[in-house]
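These numbers were taken from a predicted model, which means no experiment stands behind them. Chain identifiers are assigned alphabetically (A, B, ...) following the order of the sequence lines, protein sequences preceding nucleic acid strands; residue numbering begins at 1 within each chain.
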Amino acid sequence: MSILVFVEGDQGKIKNSSREAVSYAAAMEQSPVVALALGSFQATELETLGTNGADKVLHASSAQLDQGIIQAYASVWAQALEQSDADTLVLAKSALGDAVAARVSVLSNASIGSNVVELPDTSDGFKVKRSIYSGKAFAHMKLNSDRRILTLNKNAIELKTDGESAQVEQFNPELNQQDFKVTITSTDRATGEILLPEADIVVSGGRGLKGPENWHLIEDLALALGAATSCSKPVSDMEWRPHHEHVGQTGLKVSPSLYIAIGISGAIQHLAGVNSSKVIVVINKDPEAPFFKAADYGIVGDAFEVVPKLTAAINSSK
Amino acid sequence: MKILVCITHVPDTTSRIAFTDDHTKFDSNGVQYIIGPYDDYALARAVELKEELGASITALHVGGPEADPTIRKALAIGADNAIRVNVQGEDSYHVAQQIAAVAKEHEYDLILMGRESIDFNGGQVHGMVGALLNIPSISPVMKLIIEDGVAHMAREIEGGKELVEVPLPLVAGCQEPIAEWKIPNMRGIMSARSKPLEIVAPIDSESRTSTLKFQLPPAKGSVKMIGADQVEELVTLLKNEAKVL
């Protein structure tokens, strides 16, 4: 039985989270690992999935699939599962991937394990460990169907980079016009920045920054670190920053290797979005800020003084 | 227009998470339950749509009688009637089948719910319901306008949003800033007592997963404080001790 991995692109490049998903499938040591890519991609980009552990890449290159139409994607994944004789579908958690996976689980009679944080235990059935209660706990689940779908949290596995090149095969699914009732009329996407859910390092700002005009402090540090930027809920509510940067209970949940919180007090709702991060650094002028209790490293100090010094220290340490 | 809003009954966001019975059961001792915050956004938007366009709103919950106060709160906020499918949800697929059965019987134009529940965070139910009813499902939706039977929505994507148009009926998983949360007023609370809450029996359905055990993350070690004038020290620690740079 093969493993199918859905890979997602961003501006023509395979997302790192999708490369992690391929690495995860390879580490399951059940072959072959077949990656599935939809829409326009360069063959040379797809071949590189081999380095992450893919044996083969199925490419459905129809331009109709350039946009992420949830229903159409679900139908194509279900056909790929059928044709590749796969019993497991793996993908990185994402806004699109989650929405599609749910439909595929119905179409393909699959059990679904979402927000999986480590490799499955297949010693007795198929068991996964998943994050629940917004990162405050884990559940060990048994997936009972003959087919299953796993959506992975970031950092569920170390990225594999030492594989060979993969062969790319054209895949021609049936596209049913009924699945294209949804029209995407425009896409508004910040270009050139590192995608927040993809980022290994995240620099986040809160009300302590005092206003959107001071965001260069956050951005300069992020640039020095190669990090994405994010913000707390009040900052997004006041429209200092766009909503897609809001992390927390009702925003995005991130699990980077390093999360640096600046001028964020650390309300429990904020922690719910970040407590799966490997290492947390908190910079706050209030020594009583609750965030320090959840931090690995802390600095009590004024962001306007500490952050530029930290940016300079990072730059000079390179 | 007929709107169905599916609500979860979940521990308040500030709850202490603990388990009993050898880590096989959630410890609800002292826990306050609320309408899931994402579902609350969906409900708030439904109430606004009712005010703008005229609509009937049914609140639906799959679960036991312990959720009735939560359902009454949805009625107080502005749902016209409520249905509770009297069965403990076993997993997303189990719950989705129950919702789809109710939806098939009553034929709603719009089925709204939160993008995910805040207990299991699966974010799967809206997509499953869409697939079971063979209608479009869209998530996460941060803006929803209905015009002439067409839903105009903003859907959040990584790094931004896309604008989407879909003819009704459809299922949407909602999130902020689709609407402002509504706090029930006294009149709402009084009228909620007399609004119909129908208890229906579940359909035969299957679950596809079983929860074996819960686990809490290891306790966080204590924070290492660094002086505000020692930022170089922080860089060194992140490099050599935490190994994240």
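- In terms of non-hydrogen atom pairs under 4.5 Å with chain B, the most contact-rich of A/Thr187, A/Leu143, A/Leu271, A/Thr183 is A/Thr183.
- Side-chain atoms of B/Thr209 and B/Asp91 include a donor-acceptor pair closer than 3.5 Å.
- Side-chain contact check for A/Ser276 and A/Ser255: no donor-acceptor pair (N or O, by modelled atom type) lies under 3.5 Å.
- At a cut-off of 3.5 Å, with distance as the only test, a side-chain donor of B/Glu90 or B/Ser207 sits close to an acceptor on the other residue.
- Only the side chain of B/Pro37 comes within less than 4.5 Å of a heavy atom of chain A; its backbone N, CA, C and O stay farther away.
- Heavy-atom distances place the side chain of A/Gln71, and not its backbone, under 4.5 Å from chain B.
- For A/Ile283, no part lies under 4.5 angstrom from a heavy atom of chain B.
- A/Val279 touches chain B through its side chain: at least one heavy atom from C-beta onward sits under 4.5 Å away, while N, CA, C and O do not.
- For B/Ile138, the parts lying near chain A are the backbone and the side chain together; criterion is any non-hydrogen pair under 4.5 Å.
- Heavy atoms of B/Thr236 lying under 4.5 Å from chain A are absent altogether.
- Using a distance-only test at 3.5 Å, with no hydrogens or angles considered, no donor-acceptor pair links the side chain of A/Asn16 to the main chain of A/Glu198.
- Contact count against chain B (heavy-atom pairs under 4.5 Å) is highest for A/Asn109 among A/Leu252, A/Asn109, A/Ile69.
- A donor-acceptor pair shorter than 3.5 Å cannot be found between the side chains of A/Asn275 and A/Lys136.
- Between chain B and the options A/Glu245, A/His246, A/Gln178, heavy-atom pairs under 4.5 Å are most frequent for A/His246.
- Heavy-atom distances place both the backbone and the side chain of B/Val244 under 4.5 Å from chain A.
- No salt bridge links A/Lys129 with A/Asp121; every basic N to acidic carboxylate O contact stays at or beyond 4.0 Å.
- Within the 4.5 angstrom heavy-atom criterion, only side-chain atoms of B/Tyr38, from C-beta onward, approach chain A.
- For chain A, no part of B/Gln97 is nearby; none of its heavy atoms comes within less than 4.5 Å.
- Contact of A/Lys278 with chain B is made through the backbone alone, with heavy-atom distances under 4.5 Å.
- For A/Leu195, the part lying under 4.5 angstrom from a heavy atom of chain B is the side chain only.
- Ion pairing of B/Glu180 with B/Arg45 is absent here, as no side-chain N (NZ or NE/NH1/NH2) approaches a carboxylate O to less than 4.0 Å.
- Inspection of the B/Ser205 and B/His94 side chains reveals an N or O donor paired with an N or O acceptor under 3.5 Å.
- If you measure heavy-atom distances from A/Ile132 to chain B, the contacts under 4.5 Å come from both the backbone and the side chain.
- Per-residue counts of heavy-atom pairs under 4.5 Å with chain B were compared for A/Ser94, A/Gly68, A/Pro242; the largest is that of A/Ser94.
- Of the atoms belonging to B/Leu132, heavy atoms from both backbone and side chain fall under 4.5 Å from chain A.
- A/Ala294 touches chain B through its backbone: at least one of N, CA, C or O sits under 4.5 Å from a heavy atom, while the side chain does not.
- Ion pair B/Glu158/A/Lys15 flagged as a salt bridge, since at least one NZ, NE, NH1 or NH2 atom sits closer than 4.0 Å to an Asp/Glu carboxylate oxygen.
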Could you walk me through whether B/Asp22 and B/Lys213 pass salt bridge (Lys or Arg N to Asp or Glu O under 4.0 Å), step by step?
-> CA-CA 8 Å; B/Asp22 194 23; B/Lys213 211 162 192 172; 3.7 Å; yes

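- Contact of B/Gln175 with chain A is made through the side chain alone, with heavy-atom distances under 4.5 Å.
- With a 4.5 Å cut-off on non-hydrogen atoms, B/Lys243 does not touch chain A at all.
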Could you please spell out the steps behind the salt bridge (Lys or Arg N to Asp or Glu O under 4.0 Å) verdict for B/Asp40 and B/Lys182?
-> CA-CA 8 Å; B/Asp40 223 354; B/Lys182 299 206 179 329; over 6 Å; no

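- Taking a 6.0 Å sphere around CG of A/Asp66, one finds it holds more than 12 heavy atoms contributed by other residues, nucleotides or ligands.
- If you measure heavy-atom distances from A/Val104 to chain B, you find no contacts under 4.5 Å at all.
- Contact tally against chain A (heavy-atom pairs below 4.5 Å) for B/Asn134, B/Val231, B/Asp229, B/Leu237: the top residue is B/Val231.
- Checked by atom type, the side-chain pair A/Ser186/B/Glu162 shows no donor-acceptor distance below 3.5 Å.
- Ion pairing between a basic and an acidic side chain is recognised when a charged N comes within 4.0 Å of a carboxylate O; B/Glu176 and A/Lys233 show such pairing.
- The residue among A/Gly226, A/Pro197, A/Ala272 with the most heavy atom pairs within less than 4.5 Å of chain B is A/Pro197.
- When heavy atoms are compared at a cutoff of 4.5 Å, B/Pro140 approaches chain A solely by way of its side chain, counted from C-beta outward.
- Figure legend: B/Lys2 and B/Tyr108 shown as a cation-pi pair, the cationic atom lying under 6.0 angstrom from the six-membered ring centre and within 45 degrees of its axis.
- Using modelled atom types, one finds no donor on one side chain facing an acceptor on the other under 3.5 Å when comparing A/Lys154 with A/Ser17.
- With a 4.5 angstrom heavy-atom cutoff, B/Met153 does not touch chain A via any of its atoms.
- Using a 4.5 Å cut-off between heavy atoms, B/Phe214 contacts chain A through both its backbone and its side chain.
- Of the two parts of A/Glu239, neither the backbone nor the side chain holds a non-hydrogen atom closer than 4.5 Å to a non-hydrogen atom of chain B.
- Only the backbone of A/Ala110 comes within contact range of chain B, judged by heavy atoms closer than 4.5 Å.
- Considering all non-hydrogen atoms of both residues, A/Ile194 and A/Ala227 come closest at CD1-O, 3.7 Å.
- Between the side chains of A/Asn144 and B/Ser210, a donor-acceptor pair is found at a separation under 3.5 Å.
- Heavy-atom pairs under 4.5 Å with chain A were tallied for B/Phe19, B/Phe26, B/Tyr93; the largest tally goes to B/Phe26.
- Within the 4.5 angstrom heavy-atom criterion, atoms from both the backbone and the side chain of B/Lys161 approach chain A.
- Under 3.5 Å, the side chains of B/Gln215 and A/His140 contain a donor-acceptor pair of N or O atoms.
- Chosen from A/Ser316, A/Ala295, A/Gly301, the residue pairing most often with chain B at heavy-atom distances under 4.5 Å is A/Ala295.
- Heavy-atom distances place the side chain of A/Asn115, and not its backbone, under 4.5 Å from chain B.
- With a 4.5 angstrom heavy-atom cutoff, B/Leu245 touches chain A only via side-chain atoms.
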